[in-house]
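In what follows, chains are A, B, ... by sequence order, proteins preceding strands, each numbered from 1. All values derive from a computational prediction rather than experimental measurement.
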Amino acid sequence: MAEYNAGIIEPKWQKYWEENDFYKTDENGKKKYYVLEMFPYPSGKLHMGHMRVYSIGDVLARFLTMRGYSVLHPMGWDAFGLPAENAAIENNVHPADWTYANIEAMKKQQKALGISYDWDREVTTCSPDYYKWTQWLFLLFYKRGLAYKKKASVNWCNKCATVLANEQVENGGCWRCGEEVIVKDLEQWFLRITDYAERLLEDLKLLDGWPERVRIMQENWIGKSEGAEIEFTVSGSGEKIPVFTTRPDTLFGVTYMVLAAEHPLVDKLTQGTEREAEVRAFVEKTRKLTDVDRSSTEMEKTGVFTGAYCINPLNGEEVPILVGNYVLMGYGTGAVMGVAAHDQRDFEFAKKYNLPVRIVITPKDHLLKAEEMDAAYIDDGVMVNSAQFDGLANEEGKRAITAELENKGFGRAKITYRLRDWLISRQRYWGAPIPIVYCEKCGTVPVEEESLPVELPNDVVFKQGGQSPLASHEGFLHTACPLCGGSARRETDTMDTFICSSWYYLRYTDPHNDKQAFNREKNDAWVPVDQYIGGIEHAILHLLYSRFFTKVLHDAGMTEAVEPFTRLLAQGMVNKDGAKMSKSKGNVVSPDEIIAKYGADTGRLFILFAAPPERDLDWSDRGVEGCYRFLKRVWRLVDRYADVATQKGEIGNIEGAEQELRRAIHGALKKVTEDIEERFNFNTAISAVMEAVNAAYIYMNEKEDNIHAGVMAEALNILVLMLAPFAPHLGEEMWQRLGNADSVHHQPWPLYDSSALQLAEVEIVIQVNGKLRGRLTISAGLSSEEMQAMAMSDSRIAELIEGKQIVKAIAVPGKLVNLVVR
RNA sequence: GCCGAAGUGGCGGAAUUGGCAGACGCACUUGACUCAAAAUCAAGCGGUCUCUGAUCGUGCCGGUUCGAGUCCGGCCUUCGGCACCA
């Protein structure tokens, strides 16, 4: 008898798969399924999070292949990014060399895990034949008016020496290094994602295959609010101040106006007045605060009077204009109408500066009194102190006042989104250059498509903490203007790497195309991705950007799809001892050491068995041992009976132990099929296989060498087929040992025999007043009445109900009888 | 503050439609095999008690129901997201 030796069989089958182009995508006909795991950043080493996401994807890909689908299951590299540049600075290696070496190392690890990727479709975002099309897509956006350059207050990370998009700021810190983000005014490139805000929001409804929490996060991020834009007029100068409000119904309650410190009117209103110095000092102080401090709810609301007044368009009243620290220039119009009675922030501000509180909405059952309020009244109610609108329900009032404003030309209904345009410029070298040149005569000019890619120069020098080397690379910098041929200067910023990853799943469908980003027909044959798998950390970032790209490309006629990912699985983290694996905690377990000690099959099995995929998983060395034991146990069983089982006798009429075994095997098969296909519950699927193996051991211990060859042959073959997606190497080995030709991974998934599941007798539970009082084995298919009669004639039950009256009886066929007695 | 998720044995987890709580695995205990150990095979394994049985038990309090881990109402704790968004 041969021992199970993963160290020998795993490389053997990996070599066999590689030499036979085993996982080449089948493009012919059949129903398609696109399984995709988020491609990794090539850091150089796989961690357990990678192992988990690939294991999940691989089980699905292999299972669906067996179910008869043409499966697309590719892999690639999110290969641009800052770590490569930092490595260049620290270790004096070129980012390209560093990156490609890492890719080789990680690919080797992925192969050692036995994942079924079609490597012919590998994409690498830092390769010129990929980023050529990233640049081409940028130009497409530019031509469609979706890429523009503007000067704006942007988030800057000093440590990374670059700007960041809004989505890339977490709690005021840089998403990558945690460094506190500061605000700078810079001229930068943006993508007009806000043009797609409504569709990005609306189409979340199509994504019922996504976790609800991810949809909600995106919904909150887009942050739609409906309301009105209302114009106030500055007394004297006639200057307009538009404000956005969700509560136009409270317009008659406005008692002041607040501007953001950055509001352009602040200077105009105060220049040359006696208040200038005080206002300027306040503005300076406010602008110096970091965004974190400024946006903290704890922060006291402060402000200063500008000396100017403005006029409420509906009641003609003059109210003072202040500058306040709680108004943000980046949202709405940068100005807020102050309604102290009905907005908590305004209320606090008004109390501090003794501004009047005027009630215009009141609850139905009692009248509010301003002097008795200790918080704003923000609920619905009836309008008061609002001239002709008095008595209206405030929801009605919103519409009525907006209509009145529109009539008089002082305002209109307006929808505002929290979502900002996507800032994509990065002041770094290791990214796709933005294909734009600046000509003295012609201004901003896009590079012509024929000249793409704008390649990164290789001969660059990196300086510690410094500027991008592109900015000082003479050969890169100077070029001819595509329009006039005159001397021009290249854009030296590169693109946010999230752009590269916003379309890679489309490139997989046609990865070698050198004429187009991808062919429409090939794309439509596979896209959208049927099942996407990755970490929750991309709930907004990558997943929102990719949705945006897909919609723009759909509008440009390049893809049929309006959404890129039909179903999304956000897998949980891999922890150890209750904490995230990290070097500093010393609780890191690497896939390499697991493969070396137990083999990839054991590691994969454990990672899928220990928890459902979307939940966090606690690594347990003991648990891994258990999975290893299980695989050895299966192998011993197969090895012992393989020679008998290859005779494959007929099953024929069976009873007793044989029938039991068949029921266990087919029952497990049913459960495994449903758990993978419908519920993604790999953990319970594996436990079902374990139960089936246990049943086979019970049978073995009873019959030893007198087993029924036909039944055993069927049992072993089904066991191996069920296990193959989870433990692909051992699957092949056992399949071969059972005397089968071809590969186990090319077999159709077995169908369970429902007749094997039917029981002649079932055990039911008897309850008295809802309490478990006995069990009874009865023949299957008895009616409720018969079950009840049998329950009552059971001696123990009869004793319990003796002398009592049966008030009610419930009988669930095949399950239980409950007698309610008094 | 707002939004969301989760709380089940010593541990990871299961219970899919309201119907036997704790499948499967880990740990532990015992037996077989062995000179012995490892490996393996087998049995047991929520608490309490007057232990062939009863009783309590799925974060807490209450409700609906013949019957609740599952449904409803109100809390508590932990985690995640957003956070002066007008």
Roughly, in whole Å, what's the span from [atom1] in [X] to [atom2] in [N]?
| X | N | atom1 | atom2 | value |
| --- | --- | --- | --- | --- |
| Lys808(A) | G19(B) | NZ | C1' | 14 Å |
| Leu819(A) | C20(B) | CG | C1' | 15 Å |
| Lys580(A) | C79(B) | NZ | C1' | 14 Å |
| Gln168(A) | C82(B) | CD | P | 13 Å |
| Lys771(A) | G53(B) | NZ | C1' | 14 Å |
| Leu637(A) | C41(B) | CG | C1' | 13 Å |
| Asn575(A) | C11(B) | CG | C1' | 15 Å |
| Glu674(A) | U16(B) | CD | P | 13 Å |

State whether [X] places a side-chain N or O below 4.0 Å from either non-bridging phosphate oxygen (OP1 or OP2) of [N].
| X | N | value |
| --- | --- | --- |
| Arg633(A) | A42(B) | yes |
| Arg629(A) | C26(B) | yes |
| Asn701(A) | A42(B) | yes |
| Thr684(A) | C24(B) | no |

Out of [options], which has the shortest distance to the side chain of [X]?
| X | options | value |
| --- | --- | --- |
| Phe244(A) | A86(B), C24(B), G13(B) | A86(B) |
| Val336(A) | G13(B), A86(B), G19(B) | A86(B) |
| Glu691(A) | C24(B), U16(B), G67(B) | C24(B) |
| Arg679(A) | A42(B), A14(B), A15(B) | A15(B) |
| Gln767(A) | U16(B), G13(B), G19(B) | G19(B) |
| Val765(A) | C20(B), A14(B), G4(B) | C20(B) |
| Lys815(A) | G13(B), C41(B), G19(B) | G19(B) |
| Arg622(A) | A27(B), U40(B), G13(B) | A27(B) |
| Tyr331(A) | G19(B), A86(B), A42(B) | A86(B) |

Strictly by Watson-Crick or wobble contacts shorter than 3.5 Å, is anything paired with [N], and which nucleotide is it?
| N | answer |
| --- | --- |
| C71(B) | G63(B) |
| U17(B) | none |
| G25(B) | C11(B) |
| G80(B) | C3(B) |
| C49(B) | G53(B) |
| A42(B) | U30(B) |

In this structure, is the centre-to-centre distance between the rings of [Y] and [X] below 6.0 Å?
| X | Y | value |
| --- | --- | --- |
| Phe606(A) | Tyr628(A) | no |
| Trp175(A) | Phe498(A) | yes |
| Phe349(A) | Tyr326(A) | yes |

Touch class at under 4.0 angstrom, heavy-atom based, for [X] against every strand present:
| X | answer |
| --- | --- |
| Arg773(A) | sugar-phosphate |
| Gly626(A) | sugar-phosphate |
| Lys414(A) | nothing |
| Asn683(A) | sugar-phosphate |
| Asp346(A) | nothing |
| Ile810(A) | base |
| Arg418(A) | base |
| Tyr697(A) | sugar-phosphate |
| Ser620(A) | nothing |

[N] to [M] separation - [atom1] atoms, rounded to the nearest Å:
| N | M | atom1 | result |
| --- | --- | --- | --- |
| G63(B) | A68(B) | C1' | 11 Å |
| U34(B) | C41(B) | C1' | 13 Å |
| G69(B) | G7(B) | P | 14 Å |
| A14(B) | C28(B) | P | 24 Å |
| G25(B) | U17(B) | P | 25 Å |
| G57(B) | U48(B) | C1' | 10 Å |
| C26(B) | C61(B) | P | 35 Å |
| C33(B) | A42(B) | P | 15 Å |

Check your understanding: Is any side-chain N of the basic residue among Glu704(A) and Arg640(A) closer than 4.0 Å to the acidic one's carboxylate O?
Key -> yes
**Study point:** Check: Asn818(A) side chain, C66(B) base, donor-acceptor under 3.5 Å
**Key:** yes
Please confirm whether the backbone N or O of [Y] pairs with a side-chain atom of [X], one donor and one acceptor, at under 3.5 Å?
| X | Y | answer |
| --- | --- | --- |
| Asn818(A) | Ile810(A) | no |
| Asn683(A) | Leu608(A) | no |
| Gln218(A) | Ala539(A) | yes |

Check your understanding: For Leu772(A) and Glu678(A), take the nucleotide of RNA chain B holding the closest heavy atom to each; which residue's nucleotide lies nearer the 5' end?
Key -> Glu678(A)
Check your understanding: Between Ala610(A) and Cys627(A), which has a closest nucleotide on RNA chain B that is more 5'?
Key -> Ala610(A)
Practice item. Find out whether Ile594(A) and Val589(A) are in side-chain contact, i.e. whether some heavy atom of one side chain is under 4.5 Å from a heavy atom of the other. Key: yes
**Study point:** N-glycosidic conformation, G9(B) - syn within 90 degrees of 0, else anti
**Key:** syn
Exercise for review: Would you classify C76(B) as syn or anti? Syn applies when the glycosidic angle is within 90° of 0.
Suggested key: anti
Review point. Relative to Trp210(A), does Arg567(A) satisfy both conditions: NZ or CZ under 6.0 angstrom from the six-membered ring centre, and within 45 degrees of the ring's axis?
Key: no
Practice item. Would you please say whether a donor-acceptor pair under 3.5 Å links the side chains of Glu198(A) and Tyr417(A)? Key: yes
